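Quantities reported herein were computed from a predicted structural model and do not represent experimental measurements.
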Amino acid sequence: GARRQCHAINHGTSRMITIDREKWADCINELMPLCEQVFALVEAKITSLPLDFDHELYNELDANDLLHCIVMRDGGQPIGFHWVVISAMPRHKGHNQAHTDAIFVLPEHRRHSSKLLHFSQEYIQTRASFWTLANLDPNDRALMWYKKGFVPIETIMFKKLGG
């Protein structure tokens with residue numbers, strides 16, 4: 001399959017970094033601490049809502065090949081993930097768009113971030129013509145994304161409605 005294995009040397013021991021697509025239901029419990037960290041960066045403050053996954057919907061999206069859960073592990077332990085939603089573009093027949101729902105690597109493992117991004121691009125380009133993502137203002141990584149070939153196309157605005 002598309003699984004990538006990278007050899008990493010950590011503190012004098014040889015450990016294997018693996019990156020692969022996994023079923024959301026199979027990895028969400030392990031990923032929850034990472035999800036909570038990325039959620040706390042911005043979304044929690046903006047929405048004032050708790051992190052409350054709709055497991056049924058995520059499983060349905062995964063089963064219908066719309067959600068692609070890419071997980072990076074170090075010695076079997078999750079250190080990063082990239083959730084990508086890939087769907088048809090009704091305005092452009094025959095083309096799919098990939099959109100990053102969430103991407104996160106634990107701070108102490110950021111030296112491996114480029115491995116996750118490289119795997120993601122190879123994975124996505126076999127399934128979609130375009131890849132979009134939102135660059136969060138408080139953690140602006142625009143320069144990094146520019147270096148990866150992304151260009152700004154629009155500003156995403158957010159307004160909370162109701163209580």
First locate atom [atom1] of [X], then atom [atom2] of [Y], and finally report the distance between them rounded to the nearest 0.5 Å.
X	Y	atom1	atom2	value
Met72	Ser120	CE	OG	9.0 Å
His82	Leu117	NE2	CG	7.5 Å
Ile28	Asp26	CD1	CG	11.0 Å
Asn96	Ile124	CG	CD1	11.5 Å
Cys35	Asn29	SG	CG	10.0 Å
Arg127	Ile86	CZ	CD1	6.5 Å

- request: Would you confirm whether Thr47, through its side chain, and Leu49, through its main-chain N or O, come within 3.5 Å as a donor-acceptor pair?
  value: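 Side chain of Thr47 to backbone of Leu49, a donor-acceptor pair under 3.5 Å: yes, one is there.
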
Asp54 side chain to Leu57 backbone, donor-acceptor under 3.5 Å: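 Yes; judged by distance alone, with no hydrogens or angles, the pair exists.
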
is_close_aromatic(His99, Trp131), centroid dist under 6.0 Å: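 Between His99 and Trp131, the centre distance exceeds or equals 6.0 Å.
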
[Y] and [X], any side-chain heavy atoms less than 4.5 Å apart:
X	Y	value
Ile103	Leu116	yes
Cys69	Cys27	yes
Ile79	Ile17	yes
Trp83	Leu31	yes
Asp20	Thr18	no
Met32	Leu51	yes

task: In sequence, state the C-alpha distance, the side-chain angles, and the governing distance for Phe39 and Leu34, and then conclude on side-chain contact (heavy atoms from CB on, under 4.5 Å).
output: CA-CA 9 Å; Phe39 180 73; Leu34 283 74; over 6 Å; no

message: Quiz question: by atom type and distance under 3.5 Å, do the side chains of His92 and Ser129 form a donor-acceptor pair?
response: no

message: Assess, by modelled atom type and distance only, whether the side chains of Lys115 and His112 contain a donor and an acceptor separated by less than 3.5 Å.
response: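 Checked: Lys115/His112 side chains pair up, N/O donor to acceptor below 3.5 Å.
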
- prompt: In this structure, are over 12 heavy atoms from other groups packed under 6.0 Å from Glu56 atom CD?
  reply: no

Aromatic rings [X] and [Y]: how do their planes relate, parallel, tilted or perpendicular, breaks at 30° and 60°?
X	Y	result
Phe119	Tyr123	parallel
Trp24	Phe53	perpendicular
Phe104	Phe81	tilted

query: With a 4.0 Å cut-off, would you call Glu22 and Arg73 a salt bridge?
result: yes

- request: Indicate yes or no: does Arg21 engage Asp62 in a salt bridge with an N to O separation below 4.0 Å.
  value: yes

- prompt: Closest heavy-atom contact between Ala25 and Asn59?
  reply: CB-OD1, 3.2 Å

